Structure formats: C-alpha cells, structure tokens
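Encoded as structure tokens, the structure appears first; notes follow it.
Quick caveat: nothing in here was measured; it's all calculated off a predicted structure. Naming: A, B, ... by sequence-line order, numbering from 1 per chain.
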Amino acid sequence: MTVDPLDMFKSRSKELVKEALARLEIDVQLPLEIPPEGKGGYAFPCFMLAKEMKKSPADIAKQLSQEIPEDATFSRIEAQGPYINFYINPEMLVQQTIESIMDKREEYGNWPQTGVKINLEHTSANPNGPLHVGRARNPILGDTIARILRKCGHDVTTEFYVDDMGKQQVTLTWGVENLTQEGEIPEKTDHAMVWYYQEATRLMESDSDVLEQINQMVAKYEEKDEEILARVKDNCQKVLNGMNASLRRLDIHFESFAWESKYIFNGNVDRVVEELKAHEFTDYEDSALYLDLEKVGITGQENKFYLTRSDGSSLYSTRDIAYHLDKLANYDLAIDILGEDHKLKAKVVKIGIGLLGKDEEKIEPLFYSFVSLPDGKMSTRKGRVVYLDDLIEESVGRAQKEVQERRPELASELKRGIAEAVGTGAIRYNIIRVQAEKQIIFKWEEALSFEGNSAPFIQYSHARASSILRKTAVLGNYDLKLLKHRTEIQLVKALARFPSLIKESGESMECHPIAGYAFELASLFNQFYRDCPVLQADEDIMNARLALVTVSRYTLSNVLDTLGLVAPEEM
RNA sequence: GGACAUGUGGCCUAGCUAGGAUAUGGCGACAGCCUCCUAAGCUGUAUAUCAAGGGUUCGAAUCCCUUCAUGUCCGCCA
C-alpha cells in the first residue's frame, strides 16, 4: 500500500486532464490546484489556454470537461467558470484513507528510509548560564525539524556544538577558581554556575588585574594547554548538564556533542588556515589573515572578514569552517539552526567550505528571529531575561491548576502527568506555530494559552478519542460505506493529507505547517464529536465510527509526536 | 550609510517558493449550546484600503521597482 492515500486521486485527475488535452491536440500542462471548500478536491484552471485557443477560459473548461469520461475515482467532474473541478469519490477516499491508517498505525505518515545521513546542529548555546526564552526557539525548532526529517525517512543525528574556546568560557572558569558564592546556591548546575560568570565579567571590567589574569589564561589556552582545557571543559560540562536537564523536560535530546576545542587541538583549524591563506581571496593585514568579502560578492559589510588574529590564533568562524569540514566528511547534509544574527557568519562558513573545494550546498542554515520582551531584547547581563526553566515551571504550574479545577476526581499522580504534558506542550507549540523568521515578543498570556490554537486543544482531541475507545470492547467488523456525514468526510480528508504534509514540510524544512495542520485536524475531530455520536449510535454505524475514531487517534498521536508533544489518554 | 529578514481586522497568525474562484484561523468583544461519548469543546455576529505608492498581467496579499516602519548584522568577541 502506498504511503499517501491521496496519491491515486491526484495522479488520476492529472492523467484524465492530460488525456483530454491530448484528444484536443493541446500540448500544455495544466497545474493542479486545491480549490476552496465546496468546489471539489482538485481543480485545473484554464486561463493559460485562453490565448492559444482564442476562447474564454470558461468555454475552454467546458469543452475540456466534455472530453473527460466518467471515472470511478471521482463522483463528479465538471467545469465551473474557468476551472475544471474534480470531486473525489467520498466512498473511495474513506476506504483508501482508513485502510491505509489501519494498516500503518503508529507508522502512518512515515516515508520509506532514504539512506540520507543528516547532521542537524541546534541550540549550541554558550555554556556559561541557563537557557533563556530568547534562545529557546532554537532547540524547539531544531528538535521538531529533526522529528519531521526522520518521518521523511532520513537518518538524522542531532548535535550540540559546545563552545569551550571563547574568552567567555575562560572567564567562567576564572570565576569558579577565584570567587566564592555567598548565600543559597541553586541546585541546578547551570543556575549555580552563572553567578561566577556574571561576577567575573563584572570584575574583569573594573579591575585590570583580573583582566590580565584572564587574558593570560586565554593566551595559554590558545597555545593548546591541555591542563587549562581540562579545567574549562569541566566547567562547561556542568553548565551543559543543567541545560540538558531543562531540554529533557521538553523531550529534546542530543545524540552527539561536538566540542569546539577538538578542532584546535587536533590541528584541523591549522590546516584550514594553511589552505585558506594560499587562496587568492584572502590576504594579510598586520599578519592577521582575512577574507576579502568584496571578492566573494558580499556587499553591505566592511570588506575584511578576519580568519585569524595577528598573533596567528584562530577566530570563531575559522573554527566553524573546520567543524563543518568534519560534518561534510561524515554526512550527506549538514543543517544548522541559527539565530538571525548568524547570517553573515553562516554565509562566510559556506564560502570558506567552497574555497576549500568542498560542496557548500550541503550546508543548509535555517534562521529564526529572536524572542524579545516587550521592552526589548533579552539580556542576561542586564537582568532582563526570562529563563526557560522559569517558563516551564510557570506553565506546568498553571496547567496543574487547570487540571485540578477541571478534573478534581483524578488521581494526583495522573494529574501531575497531565499538567507536565500540557504545560511543556504549550511552550513547544507556541514557538513552533509561527514561521521561524517572524520576530516574537514574549507575553506570558500568549505563551501559556491553553485554549484555541494551542497544544492542549490538540491534546484534548486525542484524549476525547482515547476516552471513546476506552469505553468499548474490541473493534468489530465495520462497513466504511456508512461514513457519509459531512463532518465525517471532512475529517477523513484531513486525515488523508498527513503523509503529503510531512513530506512537504521536510522538503521546505518548516515546522509551522504541521502545527497548523494539527490544529485543523483536532478542530475537525471536535466537530465530528459534536455531530456524530459514536457509542449511542446503532451498532453498524457505531462500528464504522469507531474505526474512524481509531484512525483519528493514530493520526492525532502521530502529529503530536511530530511536534514533540505528549498525547495524553486523559485530561 | 549598506546588507538580510519581517510588515495581513484591536492583538496574534495562514496563504507568498510555482500569480487565479468570496484572504485562513485563533485571542479578545458580543449572543448562544452541558437530562447526550470529557465545555481545555461547539455554534453564530461584528471587525481587513493584505505597510504606502507605482509597474507587469485577462487577473496581484503573492512577481518587479521605490518609499516607510520594525528586527538583525556590518569587532584581530563568541
């Protein structure tokens, strides 16, 4: 059975149009469109034939439709104005779709393995403090895209690039080794460590002795001092552990961690510099190597993009080039989830890879805009920040209150589970439902909405479906021809779209269409729930509807999983 | 100053890649629906010069140009 239940309808309608055109000896392809509600499943506009045939599009549509024979796949094929509309045979659609989902179950929506190996780098936040909401878009976006690509059949490895080379990391380590934190120390390691970083940064700015000490450490570190490396990595790891704990709560995990220092210590960065300095697009200024942006066609910037300092030590982007070289050696595609502030750097990395003779098209950066607060950008230093952990706590806390109000009779363990699922789900969904390049201004009321277009809305539909199925014995024989209510057909149409949606979203690497679909599907299920009683219906109808509820539940569960949301049995 | 992105009812948002039939939904507002499978639900009403102007086209939210607004970048930081 094919993955996409709509496939036969799409290809058959195209075929029929093609044959009709051939009979009229017209050598043009008509595009397939999805018409508005009530105009059938597929439509072919005839405008582009008007010039050639010297007739109005409406007349052409009429003439063409007369050339199309009746076909079992469609209940009606007719011209309406300038369009030929194909009405999908609802019985066949219901049959195809429900059987396909019954057959695939948890696998419905998954495409066959492609063998394509993808490295998907996301989050990669500097390990000097807890994740804040301004950055939280990165892991959520990255994890969701990873899930989509896996459903598309690709072999995805998610990776966190740990920056353990910057001055910031040395500053943190200096703080840990020279300062004593007073008062109550937070239990979570990222929250405990950030104090040292903030305090050391403050001291460094006011005390030149401190600055001197830190600079000396940085200098030694860049000369590949293994002992300092061990100390810095140790502190990074502690912060990283805290970050990972936060992300785990959102069901975000990494398969791999790539440490930036590795590429310095193993000599790869030196090799990159060696090769690049021979290139005609690079030059020296005071023995600092730079790339001439004008020569590579980047305008709007200062012309020099530095690849090394004048002492020969490497810069961030140079190390990033070495890192990406490594990715391309091991993967077919490298995807990077990056904040919009990284656009120029990402471009330079791609160019660098190209200059080294590798295929830069295999690097795909995806950008997102920052989440800011109503009074501006989030900043850890200025204390103008909402930590991800606080957002999660607040969200789960509010969800806990809601569950308590709505379902006081449930066991408290169950209520806690529901609150966790709803609270964390609301956060993920709110980030993912908007296209990544739109700027978001963080507002508590919006971030923690549990009604309307939100995660709990979708989870609730799943809980309703589960509830119906919980109350019945094993599914009996069913006759799908009995499903002909308007909302039943609409629900089936939505169910049928899932596999093609997964594929399209994987190709465009966008998450928000899936969120929109999840909401639409849940909404249609709720309408079905209102219009079509299941358990009270006559046995024949009940069995047919139970089949529809079963496949709806599978599909709801699969979309929720694609978005990284829990599908609760009850809420 | 230049570069990249974004601009759709009071607020948020889909549609833009491949121009087509009355611009998608949510929040908020107002009016309704629990003797019936969970009301985190459902139904209805009102609200849009698709930032502005010009162009291409039989046809533009969608393509092109100009302008404006917002975000981001333009460090021998990361």
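Listed candidates were C37(B), G71(B), C76(B). Nearest to the side chain of Tyr306(A) is C76(B). Of the candidates A14(B), G25(B), C74(B), the closest approach to any side-chain atom of Gln435(A) belongs to A14(B). Closest approach to the Gln527(A) side chain among C42(B), A21(B), G41(B) is made by C42(B) (side chain taken as heavy atoms from C-beta onward). Among the nucleotides A78(B), A14(B), U70(B), the one closest to the side chain of Arg319(A) is A78(B). The Gln80(A) side chain lies nearest to A21(B) when the options are C73(B), C37(B), A21(B). When distances are taken from the side chain of Glu285(A) to each of A78(B), C76(B), A40(B), the shortest belongs to C76(B). Of the candidates C77(B), G41(B), C37(B), C37(B) carries the atom nearest the Pro533(A) side chain, counting heavy atoms from C-beta on. Each of A40(B), A78(B), C76(B) was ranked by its minimum atom distance to the side chain of Glu402(A); first place goes to A40(B). Here the side chain of Asn85(A) is nearest to one of C37(B), A21(B), U43(B), namely A21(B). Side chain of Ser467(A), nearest nucleotide from C11(B), A39(B), C37(B): C37(B).
Atom name C1', nucleotides G15(B) and C63(B): the rounded distance is 16 Å, in whole Å. Taking atom C1' in both A61(B) and A51(B), the straight-line distance is 12 Å, to the nearest Å. Rounded to a whole angstrom, the distance from the C1' atom of U6(B) to that of U43(B) is 36 Å. The gap from the C1' atom of A46(B) to that of G10(B) amounts to 12 Å, rounded to the nearest Å. To the nearest whole angstrom, the two P atoms, one in G71(B) and one in U24(B), are 31 Å apart. Nucleotides A23(B) and G59(B), compared at atom C1', are 16 Å apart to the nearest Å. Remark: the separation of the C1' atoms in U13(B) and G55(B) is 30 Å, to the nearest Å.
Between the side chains of Gln213(A) and Trp174(A), at least one donor N or O lies within less than 3.5 Å of an accepting N or O. With 3.5 Å as the limit, one finds no donor-acceptor pair spanning the side chains of Tyr263(A) and Asp320(A). A side-chain N or O of Tyr323(A) and one of Glu159(A) form a donor-acceptor pair less than 3.5 Å apart. A donor-acceptor pair shorter than 3.5 Å cannot be found between the side chains of His342(A) and Asp336(A). For the residue pair Tyr316(A)/Glu260(A), the side-chain donor-acceptor check at 3.5 Å is not satisfied.
Using a 4.0 Å heavy-atom cutoff across all strands shown, Phe519(A) reaches sugar-phosphate atoms only and no base atom. Residue contacts for Val549(A): at a heavy-atom cut-off of 4.0 Å it reaches no nucleic acid atom on any strand shown. Among the heavy atoms of the strands, none lies under 4.0 Å from Pro45(A). At a threshold of 4.0 angstrom between heavy atoms, the contacts of Met165(A) with the nucleic acid are absent. Lys377(A) comes within contact range of the sugar-phosphate backbone alone, with a heavy-atom separation under 4.0 Å but no base atom that close. Using a 4.0 Å heavy-atom criterion, one finds that Glu437(A) contacts the sugar-phosphate atoms exclusively. Among the protein residues, His512(A) comes within range of the sugar-phosphate backbone only, with heavy atoms under 4.0 Å from sugar or phosphate atoms but none that close to a base. In this structure, Glu260(A) reaches the sugar-phosphate backbone alone: every heavy-atom distance under 4.0 Å involves primed, P, OP1 or OP2 atoms, never a base. Across all strands, Phe457(A) comes closer than 4.0 Å only to sugar-phosphate atoms, never to a base (heavy-atom distances). Within the 4.0 angstrom heavy-atom criterion, no nucleotide atom of any strand lies near Cys46(A). As judged by a 4.0 angstrom heavy-atom cut-off over every strand, Asp531(A) is placed among residues making no nucleic acid contact. Note on Ile418(A): a base of the nucleic acid sits closer than 4.0 angstrom, heavy atoms only. Across all strands, Ala50(A) comes closer than 4.0 Å to no nucleic acid atom at all (heavy-atom distances). Pro35(A) comes within 4.0 angstrom of a base, heavy atoms only.
The phosphate of A78(B) has OP1 or OP2 within less than 4.0 Å of a side-chain N or O from Arg309(A). Remark: Asn453(A) is not in phosphate contact with G25(B), judged by side-chain N or O atoms under 4.0 Å from OP1 or OP2. OP1 or OP2 of C37(B) has not a single side-chain nitrogen or oxygen of Arg464(A) nearer than 4.0 Å. Dashed line: the shortest gap from a side-chain N or O of Lys438(A) to OP1 or OP2 of A14(B) is under 4.0 Å.
Under the Watson-Crick and G-U wobble criteria, each requiring two contacts below 3.5 Å, nucleotide A78(B) is left unpaired. Base-pair partner of A21(B): not found among the strands shown (Watson-Crick or G-U wobble, both distances under 3.5 Å). Across all strands shown, C65(B) is found opposite G53(B) as a Watson-Crick or G-U wobble partner, with both distances under 3.5 Å. The partner of A39(B) is absent, by the rule that a Watson-Crick or G-U pair needs both atom distances under 3.5 Å. The pairing partner recorded for A5(B) is U70(B), the criterion being a Watson-Crick or G-U wobble arrangement whose two distances lie under 3.5 angstrom.
Separating the NZ atom of Lys347(A) from the P atom of C74(B) is a distance of 14 Å, rounded to the nearest angstrom. Distance CD (Gln301(A)) to P (C76(B)): 13 Å, rounded to an integer number of Å. Rounded to an integer number of Å, the gap from CZ of Arg406(A) to P of G41(B) is 7 Å. Distance CZ (Phe370(A)) to C1' (U70(B)): 15 Å, rounded to an integer number of Å. In this entry the distance linking CD of Glu294(A) with P of C74(B) reads 18 Å, nearest Å.
Salt bridge absent: Lys401(A) and Glu405(A) never bring a charged side-chain N and a carboxylate O closer than 4.0 Å.
The base of A3(B) does not come close enough to the side chain of Lys343(A) for any donor and acceptor atom to sit less than 3.5 Å apart. Contact of Asp341(A) with A78(B) (side chain to base): no donor-acceptor pair of N or O atoms is detected under 3.5 Å. On a pure distance criterion of 3.5 Å, a polar donor-acceptor pair joins the side chain of Ser310(A) and the base of C76(B).
In this view, Ser261(A) and Asp164(A) satisfy the side-chain hydrogen bond (donor to acceptor under 3.5 Å, both in side chains) rule, not counting sequence neighbours.
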| request: Check the pair Gln216(A) / Glu212(A) against side-chain hydrogen bond (donor to acceptor under 3.5 Å, both in side chains), numbers first and verdict last. | output: CA-CA 6 Å; Gln216(A) 277 179 17; Glu212(A) 184 53 30; 3.2 Å; yes
| task | Start with the C-alpha gap between Arg76(A) and Glu78(A), add the side-chain angles, then the distance that decides, and say whether salt bridge (charged side-chain N to carboxylate O under 4.0 Å, His left out) holds. | result | CA-CA 6 Å; Arg76(A) 243 161 84 207; Glu78(A) 64 181 23; 3.0 Å; yes
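Using a 90° window around 0 for the glycosidic torsion, C34(B) falls inside it and is classed as syn.
A cation-pi contact, defined as under 6.0 Å to the ring centre and within 45° of the axis, is absent between Arg137(A) and Tyr368(A).
With the nearest nucleotide of RNA chain B identified for both Asn303(A) and Glu446(A), Glu446(A) has the one nearer the 5' end.
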